2 protein chains.
Amino acid sequence: MPTIRDVAKLAGVSTATVSHVINNSHVVRPDTRQRVLAAIERLNYRPSAIARSLTTSVTRSIGVMVADITNPFFAAIVRGIEDRLETHGYNLIVCNTDEQASREARDLELLLARRVDGMIIAPTGEPQPLLREFVAHNIPLVFIDRKPPEPCGPVIAIDTRAGTYAATDHLLRLGHRRIAILVRSPMLSTVVGRLDGYRQALRDHHLSVDESLIYVSDYAVEAAHETAHRLLSNSPWLTAIIATNHAMTLGLLEAMQEQYLKYPDDISLVAFDDNPWLTLVTPPLTAVRLPIQALCDATVKTLRAAMENQAQSKKSSHVESQPLPDILLQAELISRASCRKI
Amino acid sequence: MPTIRDVAKLAGVSTATVSHVINNSHVVRPDTRQRVLAAIERLNYRPSAIARSLTTSVTRSIGVMVADITNPFFAAIVRGIEDRLETHGYNLIVCNTDEQASREARDLELLLARRVDGMIIAPTGEPQPLLREFVAHNIPLVFIDRKPPEPCGPVIAIDTRAGTYAATDHLLRLGHRRIAILVRSPMLSTVVGRLDGYRQALRDHHLSVDESLIYVSDYAVEAAHETAHRLLSNSPWLTAIIATNHAMTLGLLEAMQEQYLKYPDDISLVAFDDNPWLTLVTPPLTAVRLPIQALCDATVKTLRAAMENQAQSKKSSHVESQPLPDILLQAELISRASCRKI
DNA sequence: CTGTTAGCGCCTTCAT
DNA sequence: ATGAAGGCGCTAACAG
């Protein structure tokens, strides 16, 4: 591939001049500029982002770590982030942690070595000492959807506490008293929130919380499926179930189908994370809709602000900018036909 | 961040030695090795992938371009590729082209500047002169799912022609004669295949093809939704519909719901791209299952082979390795309850 | 076995 | 307005 030197030679100027026309970093006489541009064109020259990064220590690449891009929730997040960042010349290095701390650690390692300009992370929930490394080197970290065990950056999340509260409250108002909830490991900040909301709603209705109605399942659809079967078999007297993510909803519906249980006749249902297909099952599912676009918006804005801060503090040192705030977005209960009055 | 020089200084050796212990590129006496390792540890040193790339001209990053990661098909592809590449120390730079040639061009530009080691592309279908640039610079290109307008790399795809043939044939054998098909722009290679299969099946059953039963829709769910409405209103006499991707299936089902049309009673249905939720609608949808894992497998293998070739040819020049073959994977029709005999 | 040296391709003072 | 030179962090010969 041609280098800046080839261009300089062909245009009969120095590499400095070429650099200046490329970056508009300096005024260049129109005719020399034209010559340079012509040379660039002729050689099909493209500045090496690598070399540029080395000198400027700016990579214009952002690390994005999510648990599983196959989950529509995260797919939408990646897309939303890409949409908002690609237009500014950033590239995304996307990593699937698959909910494994070890993979998360390896990915962090790789991205650190790659000197990304910033990171957007949906953390697994395990503590990651490597994160300290990022903050030590002033690489902006923004957490999306989930809070890391040790705070080390702004958290942009959805108020799942309120979301679950709304779901539970909705069922309670319909007269339900024995409401099961299907969640992932309570290690995750989002799960803590969900359970909080669930418990609070019960308490507000002067009901005690039956811990045996809280079903914890692993992340995969198959695991959710199994757990759902257990749930349905163990607690025949319950009247409603809240599934707190896409996989749980899928697994639960499969299990119900297999056990010939109908909703809302046998059991009422509320799903988390709305999705087009939820309206296509019979009857359509009541769901808590998560504001994904707003989430991406806030996340990218926060990240850009953080990177801005970081750039500033590099120039004029000791201008401590205040840390960026966490943001909590509200979810919305969409009432459809999967809950009945009892 | 500490550099290799800091490590060398602290360990009392030269940078070359440090480099050698990092890369195992040379035998180093055990005790010096230990000192170096200790220094690395103490400084929390991490080699800069940027600098390394500049000297070795290897980035260990792969560009991945898909239309829309929000489509479960592509989400699964990205995940499948990541799974198979991350373990080898590669990172994915993921780009959403959103089916727009302009965005695709911009992404190609960025990835070229980033000097990726290879590319996996699901092309939009528009000609992209920039692709020539990649082949000119010997950057391996592998196309996944779709064929680019001008051949410039191996194509790993699913035999959609056979898949649609099977779907159409299935309906024909059930006695259907007026079968509509919902597709995207026939510009795409995958759509050409689909229509071929459809037409061929009809011909094989000695039926003429009614072009008015071929409904072309834009990519988004909303577009599919509208087109589906048109389809349902314009052709009241048809007895079956084939929806050729996830968005089409969604849009069609929504439209049928809105028009109070039941399947399989009013119309029989076959969907492309199986998905867990297809078994949860009532009745479960007959679908063509796409072998996504095999697709990712073949794609990554081909890419790695191509990169291997490229590396070899760099060493011993003029050892022309034969071009890698295209691969066509077979889809499978999963018969469920959405088609009835007539 | 270890150190010296010369780039990789680019940007950036600092002169001119 | 343009050029010369140094350096970003690392690896790859080659010497010792």
Side-chain angles (χ1 to χ4, degrees), chain A residues 1-37 39-40 43-61 89 110 112-117 137 139 311 314-315, chain B residues 1-37 39-40 43-61 89 112-117 137 311 314-315:
Chain A
M1 276 206 209
T3 73
I4 197 172
R5 229 165 348 221
D6 301 324
V7 176
K9 206 173 299 169
L10 182 58
V13 299
S14 74
T15 61
T17 306
V18 177
S19 176
H20 286 147
V21 346
I22 295 172
N23 304 302
N24 284 315
S25 46
H26 220 6
V27 194
V28 175
R29 216 194 307 151
D31 53 321
T32 32
R33 175 188 200 72
Q34 281 316 316
R35 261 186 307 145
V36 171
L37 255 22
I40 289 180
L43 294 175
N44 241 308
Y45 166 72
R46 259 160 251 286
S48 155
I50 305 292
R52 190 180 290 198
S53 292
L54 188 60
T55 51
T56 61
S57 58
V58 167
T59 58
R60 292 195 89 73
S61 55
L110 286 174
L112 191 53
R114 278 208 153 69
R115 307 290 195 262
V116 292
D117 289 348
H137 295 302
I139 301 175
K314 209 160 213 171
K315 283 186 179 173
Chain B
M1 275 207 207
T3 73
I4 197 171
R5 225 157 1 211
D6 300 323
V7 177
K9 207 175 299 172
L10 182 58
V13 298
S14 74
T15 61
T17 307
V18 178
S19 176
H20 286 147
V21 345
I22 294 173
N23 303 303
N24 284 316
S25 46
H26 222 4
V27 193
V28 176
R29 216 195 307 153
D31 54 320
T32 31
R33 173 188 201 72
Q34 280 316 315
R35 263 187 304 146
V36 171
L37 255 23
I40 289 179
L43 293 175
N44 241 308
Y45 166 72
R46 261 158 247 286
S48 156
I50 305 292
R52 192 180 289 201
S53 292
L54 187 58
T55 52
T56 61
S57 55
V58 168
T59 58
R60 293 196 88 72
S61 54
L112 190 53
R114 280 213 151 71
R115 307 292 195 260
V116 292
D117 289 348
H137 295 303
K314 208 160 213 174
K315 284 185 179 175

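Quantities reported herein were computed from a predicted structural model and do not represent experimental measurements. Within every chain, numbering begins at 1; the chains are lettered A, B, ... in the order of the sequence lines, protein sequences first and strands thereafter.
- Counting to the nearest Å, the P atom of D/dT11 and the CD1 atom of A/Ile50 are 14 Å from each other.
- Residues A/Arg115 and B/Met1 meet the side-chain proximity criterion, which asks for heavy atoms closer than 4.5 Å.
- Distance alone, capped at 3.5 Å, places no donor-acceptor pair between the B/Ser19 side chain and the B/Thr15 backbone.
- The CD1 atom of B/Ile22 lies 4.5 Å from the CD1 atom of B/Ile4; values are rounded to the nearest 0.5 Å.
- The side-chain contact (heavy atoms from CB on, under 4.5 Å) test with A/Val18 is passed by exactly one of A/Val13, A/Thr3, A/Val28: A/Val13.
- Counting any heavy atom pair closer than 4.0 Å across all strands shown, A/Ser57 reaches no nucleic acid atom.
- The side chain of B/Thr17 places no N or O atom within less than 4.0 Å of a non-bridging phosphate oxygen (OP1 or OP2) of C/dC1.
- Counting heavy atoms from C-beta on, the side chains of A/Arg114 and B/Ser61 come closer than 4.5 Å.
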Given protein heavy atoms under 4.0 Å, the one-letter contact record of nucleotides 7-16 of chain C, with B base, S sugar-phosphate only and - none, is simply BBBBSB----
